[in-house]
K.L.:
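Got a structure for you, written out below as structure tokens; questions coming shortly.
Predicted model, so just to flag it, every value in this text is computed and none were measured. Atoms within each ligand, like the ligands themselves, are counted from 1 in listed order.
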Amino acid sequence: MKTFQIRTVSFGQGQPKICVPIVGSCKEELMEEMGSVTLLSGDMVEWRADCYSPGGETESVMKMMGHLRKKIGDPPLLFTFRSKAEGGLGDISDDAYFALNECVIKSSKADMIDLELKRGAEGIKELIKMSRPAGVRVVLSYHNFLETPASEEILERLHMMQHLGADMTKIAVMPNNSEDVLRLLSLSQSMKEKHAKVPFIAVSMGEEGVLSRIAGGLFGSAVTYGAGLHASAPGQIAVRDLRKIMNILGGHRCGVPKRIFLIGFMGCGKTSVGRLLGEKLGYSFADMDELIETEQKTSIADIFRTKGEGYFRELESRLLVRLSKLNKTVISCGGGIVERDENIKILSGAGLTIFLKDDINSMYDRVKGDGNRPLVVGRDAEGDGCGGFRELYLSRLANYEQAAAISVYGKGKDPKQIVNEIVQLLQ
Ligand code: S3P
């Protein structure tokens, strides 16, 4: 399967990503939703532009996109203009629909657009061709608000959407009984195993379909939609609840943790969180960097300077093997632990691995000027002040996702709050 990454999020790997739709009908409402989205620990935002402008007025839509882009920061922004027939408020012709999406692609203000399969293959192909050089990803979607069509029909739509060149496909259907929900989940499983060439989203809507929204990831679904201030489709549950349940499901795959590994980029708070978490659980605490410094009787910076990064990585891997045999221990790993595949294998099998996330600027602010972090030194020159730092983080993102069973968002929280969140998950 062709996975891909947008900004700070990788699709088709790790836990399903939580997409928070915003559905305001005016600027004030949208800004209020956006303000709360950042606190809700979603992974990305979908702007349902049809709720703002059902007639799709290009100028006002583009202006609003500009405001949203500025406000959102790191997470990807998905542009969706949902038509009435597919559960939205949008009421425009196919030509106007394609013209609006073309404008969005050309503006580069959205990272992704959602195109409805029913709008017609020709227009879709054109837009997909345009989206490539603009760096915009396309989700092709198929909705059915009346029923869950026959399995063959669903698979046929999936194949068609892939064939048209979707970067991600989406199937959202209405169940008429609990069997329909099971059928959709089992279809997801076979998409994951046999048919999907790109990440896909499979949703069974309505009250009955909630299971697919919370557990769809176990059957291969790459994204799930969670309600921010308002739901945008039947059956969506609040982002906070969604995250909690998904983490419980993810965590349980590892069994009762004998040891907990904290991974994440420099400055995400692994050491402070790990120490506190150890105390709270009655576990020992081990910080890999500190142990390496004690055993080598010198600083990390000195090891990098005199022996090189390769030598440090070797020490790190050997230490991880030793630590992965300890019981009742919280282990804070160095930010680069996921650089080696052999380490990822250990992390995903030897305990519960938690990916601590935060936004890039906050992590950078915590570590800039720290001379004992050789990989930060000299990384402050590019772009918005942390370009090199950002690049290194992004290059590791997929590996963090692969190694971890659950992710915890630290944004705007202190270590104590993060620890409480983790403890709750473990209970
Ligand atoms: C590194 C992160 C550091 C330390 C070393 C390399 C990295 O650990 O292991 O400087 O490659 O990201 P922290 O993540 O605890 O800062």
K.L.:
Within a distance under 4.0 Å of any heavy atom of Gly334, pick out the atoms of ligand 1 and give their elements.
P.N.:
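Under 4.0 Å from Gly334, ligand 1 has these atoms: 8 (O), 9 (O), 14 (O).
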
K.L.:
Do me a favour and list the nearest non-hydrogen protein atom to atom 9 (O) of ligand 1 with residue, atom name and distance?
P.N.:
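In this structure, atom 9 (O) of ligand 1 has Asp289 OD1, 2.8 Å as its nearest protein heavy atom.
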
K.L.:
Tell me whether the count of non-hydrogen atoms from other residues, nucleotides or ligands lying under 6.0 Å of CD in Glu193 goes above 12.
P.N.:
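Yes, the 6.0 Å shell around CD holds more than 12 heavy atoms from other groups.
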
K.L.:
Check ligand 1 against Lys270 and write out every atom of the ligand that is under 4.0 Å from a heavy-atom position of the residue.
P.N.:
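Result: 13 (P), 14 (O), 15 (O).
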
K.L.:
Quick one: does ligand 1 sit under 4.0 Å from the side chain of Met288, the backbone, both or neither, non-hydrogen atoms only?
P.N.:
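Neither; no heavy atom under 4.0 Å.
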
K.L.:
What part of Arg313, side chain from CB on, backbone N/CA/C/O, both or neither, has a heavy atom under 4.0 Å from ligand 1?
P.N.:
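Arg313 to ligand 1: side-chain contact only, backbone stays beyond 4.0 Å.
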
K.L.:
Under 4.0 Å from any heavy atom of Arg396, which atoms of ligand 1 are there?
P.N.:
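Reading through ligand 1 atom by atom, the close ones are 7 (C), 11 (O), 12 (O).
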
K.L.:
May I ask you to list the atoms of ligand 1 that are less than 4.0 angstrom from any heavy atom of Ile300?
P.N.:
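Near Ile300, the atoms of ligand 1 are 5 (C), 10 (O).
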
K.L.:
For ligand 1, is Glu293 a contact, meaning one of its heavy atoms is under 4.0 Å away?
P.N.:
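Judged by the 4.0 Å heavy-atom criterion, Glu293 does not count as contacting ligand 1.
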
K.L.:
Ignoring hydrogens, what is the shortest heavy-atom contact between Lys192 and Leu218? Give both atom names and the distance.
P.N.:
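Answer, listing the atom of Lys192 first, then Leu218: NZ-O, 3.3 Å.
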
K.L.:
Kindly write out the residues that satisfy side-chain hydrogen bond (donor to acceptor under 3.5 Å, both in side chains) with Glu295, not counting sequence neighbours, or none if the list is empty.
P.N.:
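Residues passing side-chain hydrogen bond (donor to acceptor under 3.5 Å, both in side chains) with Glu295: Arg322.
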
K.L.:
To check you understand the geometry: which heavy-atom pair defines the closest contact between Ala222 and Pro199, and what is its length?
P.N.:
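Looks like CB-CB, 3.8 Å.
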
K.L.:
Centre of Tyr225's six-membered ring, under 6.0 Å away, within 45 degrees of the axis: is that where NZ or CZ of Lys170 sits?
P.N.:
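Satisfied, under 6.0 Å and within 45°.
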
K.L.:
In the protein, what heavy atom is nearest to atom 16 (O) of ligand 1, and what distance, to one decimal place, separates them?
P.N.:
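The closest one turns out to be Arg373 NE, 2.5 Å.
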
K.L.:
For the side chain to side chain donor-acceptor pair (under 3.5 Å) test, which of Arg390, Lys411, Arg7 pairs with Asp74?
P.N.:
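Exactly one candidate clears the test, Arg390.
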
K.L.:
Out of all atoms in ligand 1, which are within 4.0 Å of some heavy atom of Leu375? Include the element for each.
P.N.:
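Result: 7 (C), 11 (O).
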
K.L.:
For Pro374, take its heavy atoms, then give the atoms of ligand 1 lying under 4.0 Å from any of them.
P.N.:
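The atoms of ligand 1 under 4.0 Å from a heavy atom of Pro374 are 10 (O).
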
K.L.:
Is the backbone N or O of Ser324 less than 3.5 Å from a side-chain atom of Arg259, with the two atoms forming a donor-acceptor pair by type?
P.N.:
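Present.
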
K.L.:
Using a 3.5 Å cut-off on N or O atoms only, is Gly336 in polar contact with ligand 1?
P.N.:
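N/O-N/O distance under 3.5 Å: yes.
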
K.L.:
For Val9 versus Asp43, what's the shortest heavy-atom pair and its separation?
P.N.:
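Closest heavy-atom pair between Val9 and Asp43: CG2-O, 3.5 Å.
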
